[in-house]
Amino acid sequence: MALKITVIGTGYLGATHAAAMAELGFEVLALDVVREKIEMLERGETPMYEPGLEELLRRHVVGFEGSSGRLRFTQDWAEVGAFGDVHFVCVNTPQKHGEYACDMSYVESALASLAPHLARPALVVGKSTVPVGSADRLARMIAELAPAGEDAELAWNPEFLREGFAVQDTLHPDRIVVGVRSERAEALLRQVYETPVGEGTPFVVTDFPTAELVKTSANSFLATKISFINAMAEVCEAADGDVAKLAEAIGYDDRIGKKFLRAGIGFGGGCLPKDIRAFMARAGELGADQALTFLREIDSINMRQRGRMVELARQALGGGSFLGRRIAVLGATFKPDSDDVRDSPALNVAGQIHLQGGQVTVYDPKGMENARRLFPTLGYAPSALEAVRGADAVLHLTEWREFRELDPAALGEVATTRLILDGRNALDPELWRKAGWTYRGMGRPTA
Ligand code: UGA
């Protein structure tokens with residue numbers, strides 16, 4: 001008989017995972033404690049902008065014309081417990097307020113609500129990013145609370161999806177990692193992931209701690225690559241070198257690789273910053289804090305880039321104060337193809353300049369609503385052209401394709417001063433310079 005799957009938590013990860021499981025042919029029941037989220041998903045809408053996700057939902061959510069009807073939603077834990085053979089836990093683990101450690105309360109409360117309804121053999125699969133050691137503790141908690149006892153098992157299956165590519169990354173992952181304690185758990189997960197594994201996706205079987213660590217170490221490595229190249233950008237700036245050329249040149253060495261070597265205002269979002277902090281906190285608890293002290297430096301190099309961008313803007317405007325200066329900011333989200341503004345370097349820079357008296361006008365293709373909610377005192381314009389109108393400087397802070405396709409000549413017509421500062425080193429300097437703009441990148445020569 002085909003496996004029945006439940007997904008608990010329908011945020012970024014859960015909504016995508018639920019739709020993807022239905023796409024793979026499973027009957028899926030998804031639960032969220034927030035009623036509005038469920039109602040939106042039932043209408044085939046997502047609470048966030050993610051390319052392709054609404055289409056995927058509508059192909060499967062029950063009630064849509066032509067849909068498979070394999071995806072349903074509920075708020076009833078008993079129904080979830082009775083329905084599922086495999087339960088995926090996809091709730092978030094944010095940074096604790098005022099601490100580096102991650103907040104496990106959503107994971108704990110999800111399992112406390114689910115376990116008492118596990119009356120027959122079931123596999124609970126954690127996908128949330130958690131501190132190493134959590135799975136061991138949670139497995140005991142489930143076995144204690146579930147009427148099925150030891151037959152209610154836990155596995156850990158970290159998720160590596162990127163925002164903006166969530167659908168693609170979930171349906172065609174570059175690896176599947178499962179931390180398991182029994183052959184049965186492994187066999188069930190092989191059954192769940194039969195399609196991608198059949199297409200060649202590597203399936204890595206580990207113990208609990210390794211599975212948990214794979215996730216945090218992958219994100220730490222990515223953060224390290226970005227901070228490495230940003231440190232090189234600082235040196236390039238001091239030595240009059242060009243970090244974009246440097247990244248290209250070292251990237252040809254396939255041991256280094258080209259990806260994640262774009263210097264700029266650094267990483268943000270809901271994952272990389274909080275994951276490296278939670279990792280440091282956990283290593284401290286385990287007595288291995290020395291091993292991860294370098295992540296403190298990675299974090300501080302990253303945070304420093306935001307300030308460097310502000311100083312680059314100040315210098316380019318002639319030094320002194322931002323008072324009365326008009327600044328156009330292109331981009332508010334932490335990365336393109338997302339409406340996520342959590343810990344966004346772009347908004348951070350916009351906010352700093354605004355708080356120093358600059359008149360900042362922001363435009364972003366998808367992040368306006370979220371940005372306005374987070375930073376209501378910034379100015380917002382309905383288009384890049386309107387944001388740039390009357391500006392003394394234009395800051396390019398999120399590398400949307402729309403910005404690379406802008407016509408520098410047309411923008412030059414409406415700007416007060418043709419000064420563009422590229423915080424993502426993603427625009428073509430020649431194109432802008434030809435149209436009469438002064439172009440400055442980060443870690444790149446001035447002319
Ligand atoms: C990241 C990881 O890439 C995913 O593999 C992981 O599953 C996810 O976190 C998670 O833990 O859930 P994501 O947060 O979507 O995914 O963002 P990334 O694509 O990793 O970008 C992170 C930040 O780094 C962005 O602000 C981006 O602008 C910045 N970045 C990226 C650079 O500054 N330079 C680069 O070369 C690449």
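Heavy atoms only: backbone and side chains are in, while hydrogens, waters and symmetry mates are out. Keep in mind the model is a prediction, meaning the values are calculated, not measured.
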Enquirer: With distance as the sole criterion, is a donor-acceptor pair present between the side chains of Thr216 and Asn219 under 3.5 Å?
Expert: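 There is no such pair (donor and acceptor under 3.5 Å, judged by atom type) between the side chains of Thr216 and Asn219.
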Enquirer: Assess whether a salt bridge exists between Arg120 and Asp85, defined as any Lys/Arg side-chain N lying under 4.0 Å from an Asp/Glu carboxylate O.
Expert: yes
Enquirer: Tell me the salt bridge (charged side-chain N to carboxylate O under 4.0 Å, His left out) pairs involving residues 104-118, sequence neighbours left out?
Expert: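 Residue pairs with at least one partner in residues 104-118: Glu108-Arg137.
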Enquirer: Is the closest side-chain heavy-atom distance between Leu123 and Leu189 below 4.5 Å?
Expert: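 Sidechains of Leu189 and Leu123: in contact.
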Enquirer: Kindly confirm or rule out a cation-pi arrangement of Arg162 over Phe165, judged by NZ or CZ under 6.0 Å from the six-membered ring centre and within 45° of its axis?
Expert: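 Yes - Arg162 lies over the ring of Phe165, closer than 6.0 Å to its centre and within 45° of its axis.
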Enquirer: Please confirm whether the backbone N or O of Val167 pairs with a side-chain atom of Thr16, one donor and one acceptor, at under 3.5 Å?
Expert: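 No, the answer is negative, given that no donor and acceptor are paired below the 3.5 Å cut-off.
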Enquirer: Is it the case that His17 and Thr170 place a side-chain donor and acceptor less than 3.5 Å from each other?
Expert: no
Enquirer: Does the distance from a Lys or Arg side-chain N to an Asp or Glu carboxylate O, for Lys274 and Asp103, drop under 4.0 Å?
Expert: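 Asp103 and Lys274: not salt-bridged.
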Enquirer: Taking NZ, NE, NH1 and NH2 as the nitrogens, is one of them in Glu194 or Arg190 under 4.0 Å from a carboxylate oxygen of the other?
Expert: no
Enquirer: Indicate yes or no: at least one non-hydrogen side-chain atom of Val180 is less than 4.5 angstrom from one of Phe208.
Expert: no
Enquirer: Under 3.5 Å, is there a donor-acceptor pair between the side chain of Asn302 and the main chain of Phe267?
Expert: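 A pair under 3.5 Å: yes.
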Enquirer: Do the side chains of Glu369 and Arg372 get close enough for a salt bridge, i.e. N-O under 4.0 angstrom?
Expert: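 Answer for the salt bridge query: no.
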Enquirer: Where do Ser220 and Phe279 come nearest, in terms of heavy atoms and distance?
Expert: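 Heavy atoms of Ser220 and Phe279 come nearest at OG-CD2, 3.2 Å.
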Enquirer: Between the side chains of Tyr12 and Asn92, does any donor sit under 3.5 Å from an acceptor?
Expert: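 The answer is no; no qualifying pair exists.
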Enquirer: Are side-chain heavy atoms of Leu397 and Arg424 found at a separation under 4.5 Å?
Expert: no
Enquirer: Within the structure provided, determine whether Asp174 and Thr201 are in side-chain contact (heavy-atom separation under 4.5 Å).
Expert: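 When only atoms from C-beta onward are counted, Thr201 and Asp174 do not touch, as no gap falls below 4.5 Å.
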Enquirer: Check Glu23 with Arg59, please: is the shortest side-chain N to carboxylate O separation under 4.0 Å?
Expert: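 Judged by the 4.0 Å cut-off on N to carboxylate O distance, Arg59 and Glu23 do form a salt bridge.
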Enquirer: Using a strict threshold of under 4.0 Å (side-chain N to carboxylate O), is an ion pair present between Arg184 and Glu153?
Expert: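 A salt bridge is present here (some side-chain N lies under 4.0 Å from a carboxylate O).
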Enquirer: For atom CD of Glu150, decide whether the heavy atoms of other residues, nucleotides or ligands shown that lie under 6.0 angstrom number more than 12.
Expert: no
Enquirer: Using modelled atom types and a 3.5 Å cut-off, is there a donor and acceptor pairing between side-chain atoms of Glu212 and backbone atoms of Trp156?
Expert: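 No: the side chain of Glu212 does not pair with the backbone of Trp156.
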Enquirer: Using the salt bridge (charged side-chain N to carboxylate O under 4.0 Å, His left out) rule, take Lys366 and Asp340 through it: C-alpha gap first, then chi angles, then the decisive distance, then the call.
Expert: CA-CA 9 Å; Lys366 295 284 178 197; Asp340 197 342; over 6 Å; no
Enquirer: What I want to find out is whether Arg440 reaches Asp422 closely enough, with some N-O distance under 4.0 Å, to be called a salt bridge.
Expert: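 Salt bridge: no.
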Enquirer: Would Lys225 count as a cation-pi partner of Phe260, with NZ or CZ less than 6.0 Å from the six-membered ring centre and within 45° of the ring normal?
Expert: no
Enquirer: Please name all residues satisfying side chain to side chain donor-acceptor pair (under 3.5 Å) with Glu45, sequence neighbours left out, ordered by chain then number.
Expert: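 For Glu45, the residues satisfying side chain to side chain donor-acceptor pair (under 3.5 Å) (neighbours in sequence not counted) are Arg43.
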Enquirer: So Trp400 and Thr333, side-chain contact (heavy atoms from CB on, under 4.5 Å) or not? Walk me through it.
Expert: CA-CA 9 Å; Trp400 287 90; Thr333 53; 3.4 Å; yes
Enquirer: Here's a test for you: under salt bridge (Lys or Arg N to Asp or Glu O under 4.0 Å), which of Arg404, Arg262, Lys335 qualifies with Glu399?
Expert: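 So the option named by the test is Arg262.
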Enquirer: Determine, for Phe203 and Arg175, whether the Lys NZ or Arg CZ falls below 6.0 Å from the six-membered ring centre while staying within 45 degrees of the axis.
Expert: no
Enquirer: After noting the C-alpha distance and the side-chain angles of Tyr380 and Asp364, does the key distance pass the side chain to side chain donor-acceptor pair (under 3.5 Å) rule?
Expert: CA-CA 9 Å; Tyr380 293 92; Asp364 187 280; over 6 Å; no
Enquirer: Between the side chains of Tyr363 and Glu386, is a donor N or O closer than 3.5 angstrom to an acceptor N or O?
Expert: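 Result is no, nothing qualifies.
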Enquirer: Taking the side chain as every heavy atom from C-beta outward, state whether Leu374 and Leu347 have any pair of such atoms under 4.5 Å apart.
Expert: yes
Enquirer: Using 4.0 Å as the upper bound for N to carboxylate O, is an ion pair formed by Glu405 and Arg401?
Expert: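 Yes.
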Enquirer: In chain order, what residues pass the salt bridge (charged side-chain N to carboxylate O under 4.0 Å, His left out) check against Lys127, with sequence neighbours excluded?
Expert: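 Glu159.
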Enquirer: Find out whether Leu295 and Thr224 are in side-chain contact, i.e. whether some heavy atom of one side chain is under 4.5 Å from a heavy atom of the other.
Expert: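 Yes - at least one pair of side-chain heavy atoms lies under 4.5 Å apart.
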Enquirer: Check this for me, if you would: do Glu42 and Arg35 make a salt bridge, where the nitrogen-to-carboxylate-oxygen distance has to be below 4.0 angstrom?
Expert: no
Enquirer: Can you check whether Asp32's main-chain N or O pairs, donor with acceptor, with Gln75's side chain at less than 3.5 Å?
Expert: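 Between the backbone of Asp32 and the side chain of Gln75 there is a qualifying donor-acceptor contact (under 3.5 Å).
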Enquirer: Is Trp432 close to His396 at the side-chain level, that is, under 4.5 Å between some pair of heavy atoms?
Expert: no
Enquirer: So, is the end of the Lys4 side chain (NZ or CZ) under 6.0 Å from the ring centre of Phe26 and within 45° of the ring's axis?
Expert: no
Enquirer: Would you indicate whether the side-chain heavy atoms of Val80 and His87 approach each other to under 4.5 Å?
Expert: yes
Enquirer: Between Ser227 and Asn230, does a side chain to side chain donor-acceptor pair (under 3.5 Å) hold up when you go through it step by step?
Expert: CA-CA 5 Å; Ser227 279; Asn230 283 333; 5.3 Å; no
Enquirer: Hey, is CZ on Phe294 packed in by over 12 heavy atoms from elsewhere, all under 6.0 Å?
Expert: yes
Enquirer: Between Ser67 and His60, do the side chains contain an N or O donor and an N or O acceptor separated by less than 3.5 Å?
Expert: no
